[in-house]
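Scroll down for the structure; my scribbles are underneath it.
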Amino acid sequence: MAITDEETRLLGPALELAVDNEKIVNEGDTYRYWAIAEGRDAFADAVGGFQKRIRALTDVVIDRSTAGIMHTADEYQDENGEIIVFDSREGFKYVLWLNHVKNPRFKLVDVPELRVSVELPKPLTLATVAVRVIHRAYDTLSPGCNNELTSVGGVCTVDLLTLPPLPKVVQGTTLRTMSPLAVDVERLPYPIPVAGAETTEVDMADVPPLMLSYEIPDDIVLVDETPSVAWWDDDSSEWKTDGITDVSLKDRTLTYSTVKVTHHALVQSRVACAPYTRWSTRPSSTGESVIVSVTPKHERFGGRPIEIEVGEGVCALASDAEPALRSLLGVKLAPRKLLARLSKCGVHLALEDKDCAYVGIEKKDAALEAAMCEDVALLSPSFMFASSRFNRTIGSRDCMVRIAEVTDFDLTLAEDADKVFTREREAVHVMLTQSRGCTLVDAKDKIAEVPGDLTLLMNDGRDENVGHLAVAARAEGRETPLEPLKFSPTALTLLKGVASESGLDRAAKAKAALTESVRQTLLSLRVFTFA
């Protein structure tokens with residue numbers, strides 16, 4: 001949609017341009033996620049930079065429109081002289097109050113049409129200022145946050161703005177003051193400094209707060225019983241909760257008091273779902289898709305898994321354990337795009353390296369983790385996989401997973417997989433992967449700990465260990481020396497002679513688009529680091 005420069009000074013066209021910009025950003029996500037999946041980090045960063053510039057343009061256009069409204073404020077006055085301008089578009093809500101009247105009895109800016117309200121403290125009702133509230137469905141701040149908090153349900157921005165003077169009418173002619181405020185806004189701090197007074201440090205405990213209330217989306221999953229609201233600190237690049245009180249959430253209406261005039265958001269821990277208590281994959285009965293399942297640790301999920309059905313190039317939420325997520329059921333998206341949608345809803349599964357510190361676990365070697373995800377993906381159309389209880393404790397340079405061949409594709413439901421890996425009969429094997437390749441080891445979940453002999457062999461050739469002779473020396477006094485582990489370059493070659501030819505043939509002939517999507521999903525979920 002083409003919008004002229006003059007039209008952007010009007011609120012409606014400005015918000016429509018903002019919506020169009022966001023569509024471009026969302027389209028950019030498709031290319032950025034492709035680049036990440038292919039290891040093209042430079043291209044992904046370039047797309048991310050372009051998206052930031054697009055959203056910065058949105059901010060400029062909205063500021064320009066706000067300046068235009070304030071410059072022509074007389075055209076928006078009601079019969080009482082009050083000025084409240086509001087509008088909304090998909091993903092955006094906008095409210096602007098202009099205080100030219102300075103009525104101390106006016107304390108509430110209420111816009112029921114948008115379910116947004118602001119209760120004003122007395123200092124603002126007596127000041128020549130504008131109060132602007134913008135709620136955006138997206139969040140550009142949390143990706144760069146230096147603590148473990150992340151927003152849920154978008155970001156609400158509150159600004160105090162300098163008001164230009166109202167125009168004067170002289171002999172039927174309207175005279176407006178032309179200044180930089182005619183084309184841009186000027187933000188004010190809160191509390192507002194007294195003109196001409198010396199700058200002194202303010203005790204924020206003595207500052208009267210604003211009270212905000214607005215509606216959050218209905219597809220939000222809150223992991224904590226008590227909601228938490230935070231403000232964005234630009235200096236530390238963190239969400240902080242000090243200065244925000246009286247938080248409540250009732251019938252999807254979020255209410256809180258704050259002395260922080262900046263970006264606000266409903267927040268929760270980005271690692272609320274981590275570490276996973278278990279994960280698994282299983283092929284569908286048709287063989288056209290693979291179900292990837294992760295069970296978040298947080299008690300909010302009650303041990304219920306989140307299941308994702310992965311197909312050729314796309315995946316979709318397959319479990320309906322969370323009523324708030326039912327709108328996503330069956331919606332086909334690229335793997336990383338689905339995880340981004342889930343994060344927006346409060347279920348953050350797109351874990352990163354920095355999250356290891358928040359949950360106190362050791363990150364797996366990146367190349368090893370990627371190789372393990374690729375091996376699992378290549379075999380997933382014909383085999384079931386399940387997490388190993390020892391995977392997290394054996395260190396960053398080893399990965400373990402349990403594997404079982406599917407011989408009856410009518411028995412591939414979740415309960416079928418649970419039975420297989422709970423019983424751990426002969427059909428279940430444990431695959432160990434290192435930089436040297438992969439091998440089968442005797443380390444099923446039913447044993448108490450990794451056998452000492454196996455630990456010696458896993459470390460053979462590393463650090464101070466010089467290879468098989470070192471292992472043999474440690475084994476002095478044994479009846480027979482330890483045999484070194486024999487590694488295969490890939491899981492497919494490893495299972496020759498262990499799995500059936502038909503099972504391996506089915507895996508080898510699986511469509512590349514399917515196995516690539518499984519690989520991307522597993523790697524995005526970081527199942528080997530966080531489970």
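Count residues from 1 along the sequence.
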Show the numbers, then the answer: is there a salt bridge (charged side-chain N to carboxylate O under 4.0 Å, His left out) between Glu307 and Arg282? CA-CA 11 Å; Glu307 295 195 331; Arg282 64 184 192 275; 3.1 Å; yes

Is a side-chain donor or acceptor of [X] paired with a backbone partner of [Y] at a separation under 3.5 angstrom?
{"X": "Lys93", "Y": "Leu114", "result": "yes"}
{"X": "Asp445", "Y": "Ser388", "result": "no"}
{"X": "Tyr276", "Y": "Ser387", "result": "no"}
{"X": "Tyr31", "Y": "Phe43", "result": "no"}
{"X": "Asn391", "Y": "Ala531", "result": "yes"}
{"X": "Thr277", "Y": "Thr295", "result": "yes"}
{"X": "Arg64", "Y": "Val183", "result": "no"}
{"X": "Thr393", "Y": "Phe390", "result": "yes"}
{"X": "Ser65", "Y": "Ile62", "result": "no"}

Between Arg506 and Phe409, is NZ or CZ placed under 6.0 angstrom from the six-membered ring centre and within 45° of the ring axis?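 Yes, Arg506 lies over the aromatic ring of Phe409.
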
Can you see whether Tyr138 has Arg55 sitting over its ring - NZ or CZ less than 6.0 Å from the centre and within 45° of the normal?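 Yes, a cation-pi geometry.
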
For atom [atom1] of [X], decide whether the heavy atoms of other residues, nucleotides or ligands shown that lie under 6.0 angstrom number more than 12.
{"X": "Glu415", "atom1": "CD", "answer": "yes"}
{"X": "Lys52", "atom1": "NZ", "answer": "no"}
{"X": "Lys344", "atom1": "NZ", "answer": "no"}

Side chains of [X] and [Y], heavy atoms from C-beta outward: is any pair under 4.5 Å?
{"X": "Trp279", "Y": "Pro305", "answer": "no"}
{"X": "Gln268", "Y": "Arg300", "answer": "no"}
{"X": "Phe383", "Y": "Leu504", "answer": "yes"}
{"X": "Val247", "Y": "Ser228", "answer": "no"}
{"X": "Glu322", "Y": "Leu328", "answer": "no"}
{"X": "Leu351", "Y": "Thr529", "answer": "no"}
{"X": "Asp29", "Y": "Glu27", "answer": "no"}
{"X": "Tyr94", "Y": "Thr66", "answer": "yes"}

Without hydrogens or angle criteria, can the side chains of [X] and [Y] be said to hold a donor-acceptor pair below 3.5 Å?
{"X": "Thr253", "Y": "Ser213", "answer": "no"}
{"X": "Ser327", "Y": "Asp219", "answer": "no"}
{"X": "Lys486", "Y": "Thr439", "answer": "no"}
{"X": "Ser151", "Y": "Trp239", "answer": "no"}
{"X": "Asp233", "Y": "Trp231", "answer": "no"}

Between the side chains of [Y] and [X], is the shortest nitrogen-to-carboxylate-oxygen separation below 4.0 Å, so that they form an ion pair?
{"X": "Arg132", "Y": "Asp63", "result": "yes"}
{"X": "Arg519", "Y": "Glu374", "result": "no"}
{"X": "Lys363", "Y": "Glu369", "result": "no"}
{"X": "Asp59", "Y": "Arg136", "result": "yes"}

Kindly give the heavy-atom pair with the smallest separation between [X] and [Y], and that separation in Å.
{"X": "Pro189", "Y": "Leu160", "value": "O-CD1, 3.9 Å"}
{"X": "Ala14", "Y": "Val61", "value": "CB-CG1, 3.6 Å"}
{"X": "Thr521", "Y": "Val310", "value": "OG1-CG2, 3.8 Å"}

Where does the angle between the aromatic ring planes of His298 and Phe301 fall among parallel (under 30°), tilted (30 to 60°) and perpendicular (over 60°)?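 Ring orientation of His298 relative to Phe301: perpendicular.
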
Please state whether the rings of Tyr214 and His135 are parallel, tilted or perpendicular, taking 30° and 60° as the class boundaries.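 Tyr214 and His135: tilted rings.
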
